[in-house]
Amino acid sequence: MNKSLSVIVPCFNEEEVIVESYRRLQLVLSTLQLKSEIIFINDGSTDNTESILTGFLKSDKTVKIISFSRNFGHQKAVTAGLNNCSSDMALIIDADLQDPPELIPEMIETLEKSNAQVVYCVRKTRKGEGIFKKISAKLFYRTLNFFSEVRLPVDTGDFRLIDRTIIDEFNKLNEKGKYIRGLISWVGFKQVPFYYEREARFAGETKYPFAKMLKLATTSLLYFSTKPLRVATTLGFISVVIALGLAIWSILGKIIGYTHADSGWTSLFVLIIFFGGVQLLTIGIVGAYIGNLFDEIKNRPEYIIRKKENFEIKNDERSK
Ligand code: UDP
Ligand code: MG
């Protein structure tokens with residue numbers, strides 16, 4: 001079997017881990033009976049990541065580097081990797097060694113044995129992550145599945161092995177808001193799970209602060225479902241029913257005389273904040289979709305590449 005593999009590693013300020021990641025990756029790749037390359041995407045790092053990566057190039061022809069003009073985010077970095085890979089298979093892996101590179105041979109074997117196009121890694125456990133991250137992640141994947149119109153495997157990240165069919169289909173997708181694990185699921189074909197223990201980050205801090213997590217969560221929700229819009233309609237409907245009931249109750253009360261005009265401050269107050277809340281929530285949901293439409297129609301590029309290194313070498317010259 002003479003297949004080729006591109007390993008896609010997004011890096012944002014990973015100076016503390018990148019040398020070790022590269023060492024472990026290279027060690028694993030050298031045992032494989034196939035052509036391989038590592039594509040590092042330097043997502044606008046402001047530390048020494050770039051110079052460390054460039055250092056790898058000196059001794060290793062199989063390393064390629066894409067440097068962005070600024071930080072565009074993890075999903076864009078992976079997208080750039082997939083857009084620029086020409087191998088038969090691509091493996092997406094984080095730079096921080098939370099996803100052990102040593103699993104790669106077994107993943108390739110699984111892909112081939114099960115005749116699948118995707119091997120997606122499912123986290124059995126998550127080591128070294130705070131209780132907030134664990135609970136929010138669990139809740140997130142399940143909420144997303146409730147809303148989503150495509151079945152999205154729970155507890156999976158982007159750590160996965162995909163073959164050329166999937167890479168090509170992915171590269172045809174035009175949307176700018178990318179939730180990669182969801183899109184790969186959406187593409188279909190045969191996808192098989194691979195269970196593993198997620199390790200703790202090797203060194204350094206998470207590059208996914210709460211704001212970035214929230215952005216990923218909203219992208220996934222809004223791009224994979226229009227159910228939130230229906231939730232807005234349902235909420236509107238419920239509030240109209242409540243309002244009608246209360247209107248009838250208060251008018252009858254006035255005629256028959258079981259309510260007094262001067263009492264009822266509390267109920268008025270509660271009603272105003274309730275309906276105000278429903279309206280704001282509904283406008284917010286609609287606004288979120290409009291915001292995404294706006295982003296999409298602007299049709300800006302998803303990322304801007306400042307520098308590509310070592311891409312001029314052709315595939316066949318890159319053998320081990
Ligand atoms: N990353 C990136 N751009 C960003 C944020 C993260 O390329 O804006 C990379 C990061 O270097 C790492 C991967 O995405 O390789 C996952 O990030 P991290 O490990 O910090 O996320 P966590 O595992 O904490 O969710
Ligand atoms: Mg991590």
Side-chain angles (χ1 to χ4, degrees), residues 6-25 38-53 56 63-85 90-101 103-104 121-141 144 154-160 177-182 196-220 302-307:
S6 296
V7 179
I8 293 170
V9 193
C11 311
F12 175 51
N13 292 343
E14 298 289 11
E15 63 181 5
E16 286 153 290
V17 301
I18 202 69
V19 174
E20 180 64 8
S21 305
Y22 170 66
R23 189 190 66 81
R24 277 176 54 184
L25 261 172
I38 307 177
I39 306 179
F40 288 104
I41 299 94
N42 170 26
D43 182 15
S45 300
T46 48
D47 64 357
N48 284 322
T49 301
E50 184 163 355
S51 55
I52 299 172
L53 291 178
F56 299 155
V63 167
K64 293 179 170 185
I65 307 170
I66 299 174
S67 292
F68 282 174
S69 62
R70 63 168 171 85
N71 177 246
F72 280 89
H74 171 227
Q75 299 289 294
K76 307 293 179 193
V78 175
T79 303
L82 291 172
N83 292 163
N84 286 281
C85 103
L91 180 102
I92 306 168
I93 190 167
D94 284 355
D96 61 355
L97 294 171
Q98 282 198 277
D99 311 323
L103 300 176
I104 297 175
C121 297
V122 184
R123 300 156 181 178
K124 280 195 288 192
T125 53
R126 293 166 158 260
K127 288 185 197 155
E129 284 180 339
I131 188 83
F132 175 73
K133 179 114 185 181
K134 282 184 184 162
I135 294 178
S136 60
K138 276 241 175 295
L139 261 174
F140 164 66
Y141 288 117
L144 181 60
V154 295
D155 303 327
T156 62
D158 289 323
F159 182 32
R160 59 191 61 215
K178 289 235 161 64
Y179 179 60
I180 295 170
R181 59 203 83 162
Y196 80 115
E197 317 266 341
R198 187 150 157 96
E199 297 295 327
R201 186 175 242 284
F202 175 71
E205 300 270 292
T206 173
K207 306 299 174 311
Y208 255 100
F210 184 68
K212 276 187 183 169
M213 265 164 59
L214 201 64
K215 182 146 196 309
L216 184 70
T218 43
T219 305
S220 58
E302 280 179 76
Y303 51 82
I304 295 174
I305 295 176
R306 175 170 51 79
K307 196 161 72 175

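FYI, the numbering just counts along the sequence from 1. All values derive from a computational prediction rather than experimental measurement. Just follow the structure's listing: the first ligand is 1, and inside any ligand the first atom is 1.
No side-chain donor-acceptor contact under 3.5 Å links S45 to the backbone of N42. The backbone N or O of R181 lies less than 3.5 Å from a partner atom in the side chain of D158, making a donor-acceptor pair.
Checking D99 against Y196 by side-chain atom types alone, a donor-acceptor pair falls below 3.5 Å.
The side-chain heavy atoms of F72 and I304, taken from C-beta on, include a pair separated by under 4.5 Å. Side chains of Y208 and L216 form a contact here, defined as non-hydrogen atoms less than 4.5 Å apart.
Residue-environment remark: NZ (K215) stays at or below the threshold of 12 foreign heavy atoms within 6.0 Å.
With respect to D94 and R198, a salt bridge is recorded, a charged nitrogen being found less than 4.0 Å from a carboxylate O. Electrostatic pairing of R201 and E14 counts as a salt bridge here, judged by a charged N lying under 4.0 Å from a carboxylate O.
A cation-pi arrangement is absent between R70 and F68, since the terminal nitrogen or guanidinium carbon is not both under 6.0 Å from the aromatic centre and inside a 45° cone about the axis.
Under 4.0 Å from any atom of ligand 1, one finds heavy atoms of residues P10, C11, F12, E14, D43, N71, G73, H74, D94, A95, D96, Q98, K133, R198, R201, T206, K207, Y208, K212.
The count of protein N, O or S atoms under 2.8 Å from the Mg ion (ligand 2) stands at 2, with waters excluded from the count.
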